There are 2 protein chains.
Amino acid sequence: MDDQTTSEAKLSGPGPVNERIVRDLRTRLMRGELAPGEILTHRKLAEQLDVSPMPVRDALRQLVAERALEVANGNRSVAVPRLNHAKLHDLKTIREGVEGLAARLAAERWKPHELAQIEAILAETSDGAGSPDASRNQRFHFAIYAASQSQVLLPLIGSLWLQFGPYLPRAGQLAGGKIGAGDKYHREIVEALRARDADAAEAAIVADIGQAMDLLLTHGLGDTGSGG
Amino acid sequence: MDDQTTSEAKLSGPGPVNERIVRDLRTRLMRGELAPGEILTHRKLAEQLDVSPMPVRDALRQLVAERALEVANGNRSVAVPRLNHAKLHDLKTIREGVEGLAARLAAERWKPHELAQIEAILAETSDGAGSPDASRNQRFHFAIYAASQSQVLLPLIGSLWLQFGPYLPRAGQLAGGKIGAGDKYHREIVEALRARDADAAEAAIVADIGQAMDLLLTHGLGDTGSGG
DNA sequence: TTCCCCAAACTGCGATCTCATTTTATGTAA
DNA sequence: TTACATAAAATGAGATCGCAGTTTGGGGAA
């Protein structure tokens, strides 16, 4: 039967199947489409995506290595990690340190087209009124980190984001889309970048991260939070 | 090559085969037994280790995700990454930031048995005279980072170390085993930890890292260094 | 000797299958 | 109704196989 029962075949983009699965899962994690604690098995995912379990296995192993997923039940299966208060607070501390460093470097090293890109993303926010897009916030931050010119730093930050990604939309709903919507800190960041002021850039990023992570700490850890 | 036929089966320790391969490759990377630029193919490695290519494939994918290895020739094969001067300098900067943060946290959070462990590792150095063991240096650093109590930070630092690991022994030889052998900064670190002085701990770690990475920058990038 | 073309070998990717182990469901006995 | 033993289902790990794309090496022609 070629008529599939449900909505499969969402794998888009170039590259091998396993890479497309990784991209797909990364996107779904950052969109909150995968709930913390959710179990991902090779065969079920493979059936959903209409591929064999093999590239799924590759993709899951890679995401586990990136700390975007974790092994559960011994080696039994892979799951979306649950975060308790302590872990989320830890994540906040490390994000402030690591992304603060990235902001410092970006302030010292950005090139004109990179600052233009950052400003363009910030401008997107002000045209539409009620679109608290988490993706826009993400693109804003990573445009800055890319301007740090550090090939070493970017994967580290990517791993950090994937770890709290599943909790973003839940807190976003409860907080009325405050995360990344209030542009106050973002404007401060751009201003600091433009002035090549590393200290101010770090301070603004730390403030932005602190506000966002405090929202997660307050509203993100609902009933399903600290179970495992 | 006659030694190929008998030099297999070095996989020790518990767990699935793929995990043992990961451990084995990690150890070999940190010991400099794998040269930068060296190509690792599924089948050859599988034959060496006397396993099927499947767990090797899993292990290589995981190490690529950790940036300990990289894909070469498109998607053709996996190789030990080569570092050029810029990349190594980038690594130095990020190490100073990230491991400096870890030292700060460790100074604030260490528990008695952890400080005792750190001091014990430092004491090892002074008993034996001429053993500039890189492994001891590594254990010293990671004992400190473990005392940071940050589950998020440790994997990040582990990834950083694997990236410069292949260059450590070469610089170690040329520098006469200076890396990790001069205990000056290590003693400063322990002193700062004991005093719960986060600033001093960070400064001492940064000095230690700076000295080690400068050695790598000076002596580690020989002829085979900046190829890719 | 030099250049070029084609065949053989090699490589990673993906599919399929088996197996040991664990989880889950079922049915029986207390 | 509850407790437990047993069967059935599910799962990850690993082995084996085939395929498409690339590299490589050898042989023939100029």
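So you know, we letter chains A, B, ... as the sequences are listed, proteins then strands, and number each from 1. All values reported here derive from a predicted model rather than from experimental measurement.
- For B:His42 and C:dG12, the NE2 to P distance is 5 Å, given to the nearest whole Å.
- Going from atom CD1 of A:Ile39 over to atom C1' of C:dT23 covers 12 Å, rounded to whole Å.
- For the pair B:Thr93 and A:Ser150, the minimum side-chain heavy-atom distance is 4.5 Å or more.
- A:Arg67 CZ: 12 or fewer foreign heavy atoms inside a 6.0 Å radius.
- Following rounding to the nearest Å, A:Leu11 (CG) and C:dC13 (P) show an atom-to-atom distance of 16 Å.
- For B:Ile21 and D:dA13, the CD1 to P distance is 13 Å, given to the nearest whole Å.
- B:Asp24 has no carboxylate O lying under 4.0 Å from a charged side-chain N of B:Arg20, or vice versa, which leaves the two without a salt bridge.
- For A:Asp50 and C:dT16, the CG to P distance is 11 Å, given to the nearest whole Å.
- For the pair A:Glu47 CD and C:dT16 P, the computed distance is 13 Å after rounding to whole Å.
- Shown for residues 54-63 of chain B: residues whose heavy atoms fall under 4.0 angstrom of DNA chain C, namely B:Met54, B:Arg57, B:Arg61.
- A close approach under 4.0 Å does not occur between any side-chain nitrogen or oxygen of B:Lys44 and OP1 or OP2 of C:dC10.
- In this structure, the nucleotide among D:dG14, C:dG12, C:dG14 sitting nearest to the side chain of B:Asn18 is D:dG14.
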Return the polar atom pairs (N/O with N/O) between nucleotides 18-22 of chain D and the protein under 3.5 Å, or none.
| residue | atom | partner | partner atom | Å |
| --- | --- | --- | --- | --- |
| D:dG21 | N2 | B:Arg76 | NH2 | 2.8 |

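- For B:Glu70 and B:Arg82, the salt-bridge test fails: no basic side-chain N is under 4.0 Å from an acidic carboxylate O.
- A parallel orientation is assigned to the rings of B:Phe140 and B:His186, their planes being inclined by less than 30° (bins at 30° and 60°).
- For A:Arg109, the side-chain hydrogen bond (donor to acceptor under 3.5 Å, both in side chains) criterion is met by no residue, not counting sequence neighbours.
- Every residue meeting the side-chain hydrogen bond (donor to acceptor under 3.5 Å, both in side chains) condition with B:Glu66, not counting sequence neighbours, appears here in chain and number order: B:Arg26, B:Gln62.
- Taking the side-chain hydrogen bond (donor to acceptor under 3.5 Å, both in side chains) definition, one finds that A:Glu99 meets it with A:Arg95, A:Tyr145, A:Trp161, sequence neighbours left out.
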Check: residues 31-41 of chain B side-chain donor-acceptor pairs under 3.5 Å, at least two apart:
| residue | atom | partner | partner atom | Å |
| --- | --- | --- | --- | --- |
| B:Glu38 | OE1 | B:Ala35 | N | 3.0 |
| B:Thr41 | OG1 | B:Lys44 | N | 3.3 |

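- Straight-line distance from the CD atom of A:Glu19 to the P atom of C:dG14: 8 Å, rounded to whole Å.
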